[in-house]
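One structure is given here, and the rest of the page talks about it.
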Number of protein chains: 4
Amino acid sequence: MHVISESETRGARQSAGSRSRAATRARLLASGQSLFAERGLHSITTHDIAAHAGVAAGTFYNHFADKRALFRELANDAVRRLEDRIERACAGITDMPERVRAQAEALVGFAADNRDVIRMLFSGDADSAKVESDVLNELAAGIEDFRRRAIADGEMSDDLDPGVLSHAVVGMWARVVAWWAEDPSQVPPDTVVDTLTRIQLFGTHPRRSD
Amino acid sequence: MHVISESETRGARQSAGSRSRAATRARLLASGQSLFAERGLHSITTHDIAAHAGVAAGTFYNHFADKRALFRELANDAVRRLEDRIERACAGITDMPERVRAQAEALVGFAADNRDVIRMLFSGDADSAKVESDVLNELAAGIEDFRRRAIADGEMSDDLDPGVLSHAVVGMWARVVAWWAEDPSQVPPDTVVDTLTRIQLFGTHPRRSD
Amino acid sequence: MHVISESETRGARQSAGSRSRAATRARLLASGQSLFAERGLHSITTHDIAAHAGVAAGTFYNHFADKRALFRELANDAVRRLEDRIERACAGITDMPERVRAQAEALVGFAADNRDVIRMLFSGDADSAKVESDVLNELAAGIEDFRRRAIADGEMSDDLDPGVLSHAVVGMWARVVAWWAEDPSQVPPDTVVDTLTRIQLFGTHPRRSD
Amino acid sequence: MHVISESETRGARQSAGSRSRAATRARLLASGQSLFAERGLHSITTHDIAAHAGVAAGTFYNHFADKRALFRELANDAVRRLEDRIERACAGITDMPERVRAQAEALVGFAADNRDVIRMLFSGDADSAKVESDVLNELAAGIEDFRRRAIADGEMSDDLDPGVLSHAVVGMWARVVAWWAEDPSQVPPDTVVDTLTRIQLFGTHPRRSD
DNA sequence: GATGAATGAGTATTCATTCAT
DNA sequence: AATGAATGAATACTCATTCAT
């Protein structure tokens, strides 16, 4: 997440203070993530996070303005990483069904690798809701846009409202991934990917010539 | 200054106390619902609810064990009413596509009539999450069961995992309805019903003979 | 300060809650006054005041928005009482020197009866400064106005700037009274009154020719 | 990027460290003075002062035991400078009215040149009060002494209590100067000097018969 | 000497809950 | 049953001060 190691391996000689500062910050972020995932934004206090990170209560405020600032940072970071991952997964793929599958794979893969983040974001905690809404609304907007273009290109039937549909797809994603992240052993990831892919492709013109 | 004497002088055994008790309780529930819908479970205090209901703070505890008890009651009540409505809507309809459409109509109709409840339940507030999860998990379980039977009856293709699918459908429902309830003017209810119906019917064997 | 006793002696039958509320409020005010006088606005916490008043910490906030609100109330109340007292003392006295003496007597009498308030207001605590400034500025404005009129009436020489003079008089008053209230035994009140009167009358046309 | 090397490359044995130490100390004092004048002793933190002085937080404590020590130093220094100025202004002047005028001129001149100090000392901040009191009490004691001697010498009437009067004069000074320093444009300094002089000379035997 | 991260006691404030009337 | 004043544990946040580097 940071380029600390890079500068440390160089002769740059970062000050001791600075190094330890970044480490403390990282510990606080990690503590926040796992505690939020376990018990939600509300039930966790800044003292909890500081204690879990092994620092004094006041130290929290040397690094974050308040609890929500830490949460926001975790959330933004996670969204950025998810978007990166999806983007990288789709890069160069032009066939739409394949793109959708790649997207679903990236999403499920991310969920598998970041269960804490998923639980933190989608466990429905009060204020996380705001972050969540933003995340989901963004995703929904992207999907709506995508479908509108697909319809315009004649690749999709236009008999479903793209606005409703995009929210449906996003709700589906979020819930499936949240459910699955709680216990990934209940269904193999491939099945999740496959199901999500097929549902999302709903409305794509079947290749009748097949 | 109080109406006690008035009702006490009547012979009604159902009793003034009882009636006014029920009325107070109802006022508290109504206040809780609209306040929770507006600002979420966390930002609302028991004092807020009591004040909004026009009773003293302590009165709250004459009727509910605590804030969550009132919330739970509202939520359970809402779920019960929603289930009733869906059940009544489907009663006597045997054709599956029609049943699904009736279900969607009931859901959207309920959302239209109970925007506060929808916003309260699905606005993602911290502890409401637990209620929400229960609600959604219940719904998901019902759908999963339904699809398994449909598959067994040969009415649906078995190439989608019913577990994943049920959560997908529920997530879709919840999100679409929450989104729509925030501003019902953005899309006509029929469009919502139609879109939900079609997606949910995905996987149903098309009537090949057509 | 309040008319509680009055209403209690009447048949008005104030509710028990209300009576106790007023009493608690009064205790908090009294505690605040004596603690502020002793140690200043800053060093005293709301917990201190609550403890001194024999109530729980949270009770403080049932009666005052915060520490400054209580302070402001004390200060405003004191200023009002002082103004009343001065006004009453001067009522009906037309001769200026006599008015000034009556004023000084009222001021010193008030200081004698309200040492805590004087120390609280003029001990120079940070935020009390704002109250103090307001108090002093108000007094200064009154004096300035008074002198301007006296000059216009030919009763005072116009060779002193009324703006500067009014602040001088007020500073003198405040400091003398604060100093004296710390230990009234050092100088008899009459001496204080006499000195203040004479200084303030400085500039009055002596009626030599009379 | 730092000027350390520059000073280190010079041969000055007074030593870079020593010189820079004094400079750091001076910067801290200057920062404290302007910040205290702006916002009072309480609202300013040691971090604020250090930051304003361009040094690290810990450096503050290499130079001052604590915040109040810095404040005290500023205050003492200011008092010393004021006393010096008054003393120099009066040097060689034997005629009392002239001395008093010279004093007032020195006071007002000092206020004009040191508005920050005046505001810092007389803006009424909590603990500054203690310093202020000391300052004012000292001044008052000096004046009292002066008047007693003047009375003994037959230069002043003895009909005013020197104790009360000295506090009155000091209160007057402090308040007028604080008021004026907030906005020196409201009244020309000469008017202030003149007014203060005349009031303070009150009680001096007019030399009419002379 | 300077640095600045860490400390943790201190303080204000909130609010679910109790209970005497 | 209703009242509403009191409660006090809980919690966020501040900031003077320390100390290892």
Side-chain angles (χ1 to χ4, degrees), chain A residues 15-25 42-48 50 54-68, chain B residues 2 4 15-18 20-21 23-25 42-51 54-68, chain C residues 15-25 42-48 50 53-68, chain D residues 2 4 15-18 20-21 24-25 42-51 54-68:
Chain A
S15 82
S18 167
R19 196 167 355 131
S20 126
R21 177 172 176 80
T24 300
R25 198 184 151 79
H42 267 79
S43 358
I44 295 301
T45 71
T46 56
H47 275 67
D48 292 336
V55 298
T59 299
F60 183 95
Y61 293 92
N62 284 342
H63 296 276
F64 302 97
D66 54 27
K67 199 169 47 159
R68 303 196 41 164
Chain B
H2 291 284
I4 295 173
S15 102
S18 168
S20 103
R21 176 170 173 80
T24 301
R25 200 183 149 78
H42 270 79
S43 358
I44 295 301
T45 70
T46 56
H47 275 66
D48 291 335
I49 299 174
V55 298
T59 301
F60 184 96
Y61 292 91
N62 284 338
H63 295 278
F64 303 97
D66 55 28
K67 196 167 51 158
R68 306 204 28 176
Chain C
S15 83
S18 167
R19 198 170 351 132
S20 129
R21 178 173 174 80
T24 301
R25 198 183 150 79
H42 267 81
S43 358
I44 295 301
T45 71
T46 55
H47 276 66
D48 291 336
V55 298
T59 299
F60 183 95
Y61 293 93
N62 284 343
H63 296 276
F64 302 97
D66 54 27
K67 200 170 44 160
R68 303 197 39 166
Chain D
H2 293 283
I4 295 172
S15 100
S18 167
S20 102
R21 174 168 175 80
T24 300
R25 200 184 148 79
H42 270 79
S43 358
I44 294 302
T45 71
T46 56
H47 275 68
D48 290 335
I49 299 174
V55 298
T59 301
F60 183 95
Y61 292 90
N62 283 339
H63 294 278
F64 303 97
D66 55 28
K67 196 166 52 156
R68 306 204 29 177

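Letters go in sequence order (proteins before strands), and every chain restarts at 1.
Heavy atoms only, all atoms of each residue included: D/A57 and D/A50 are closest at CA-CB, 3.9 Å. Across all their heavy atoms, D/K67 and D/H42 have their closest contact at NZ-O, 4.0 Å. Residue D/T24 comes nearest to D/H63 through the heavy atom pair CG2-NE2, 3.5 Å, listed as atom of the first residue, atom of the second, then distance.
Taking only side-chain nitrogens and oxygens, B/T24 comes nearer than 4.0 Å to OP1 or OP2 of F/dA2. Of the side-chain N and O atoms in B/H63, none sit less than 4.0 angstrom from OP1 or OP2 of F/dA1. Applying the 4.0 Å criterion to OP1 and OP2 of F/dA6, one finds that C/S20 has a side-chain N or O inside that range.
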Pairing annotation in dot-bracket form, given for DNA chain E with Watson-Crick or G-U pairs under 3.5 Å and | for cross-strand partners = .||||||||||||||||||||
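For A/T59 and A/N62, the side-chain atoms include no donor-acceptor pair closer than 3.5 Å.
The interatomic distance linking C/D48 (CG) with E/dG10 (P) rounds to 12 Å, in whole Å. Taking atom CZ of B/R25 as the reference point, atom C1' of F/dA2 lies 16 Å away to the nearest angstrom. Between the CZ atom of D/F64 and the C1' atom of E/dG1 there is a distance of 14 Å, rounded to whole Å.
Ranked by how close their nearest DNA chain F nucleotide is to the 5' end, C/G54 and A/T59 are led by C/G54.
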Could you go step by step and tell me if D/H47 and D/F60 meet the side-chain contact (heavy atoms from CB on, under 4.5 Å) rule?
-> CA-CA 8 Å; D/H47 275 68; D/F60 183 95; over 6 Å; no
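The B/V55 side chain lies nearest to F/dT3 when the options are F/dA5, F/dA1, F/dT3.
Within 3.5 Å, a donor on the side chain of A/N62 pairs with an acceptor on the base of E/dA6, or the reverse.
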Distances under 3.5 Å between protein N/O atoms and the N/O atoms of nucleotides 16-18 of chain F, please, pair by pair.
residue	atom	partner	partner atom	Å
F/dA16	OP1	D/K67	NZ	3.3
F/dA16	OP2	D/T46	N	2.8
F/dA16	OP2	D/T46	OG1	3.3
F/dT17	OP2	D/Y61	OH	3.1

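When side chains are defined from C-beta on, A/F64 does not count as touching A/T46, because their heavy atoms never get closer than 4.5 Å.
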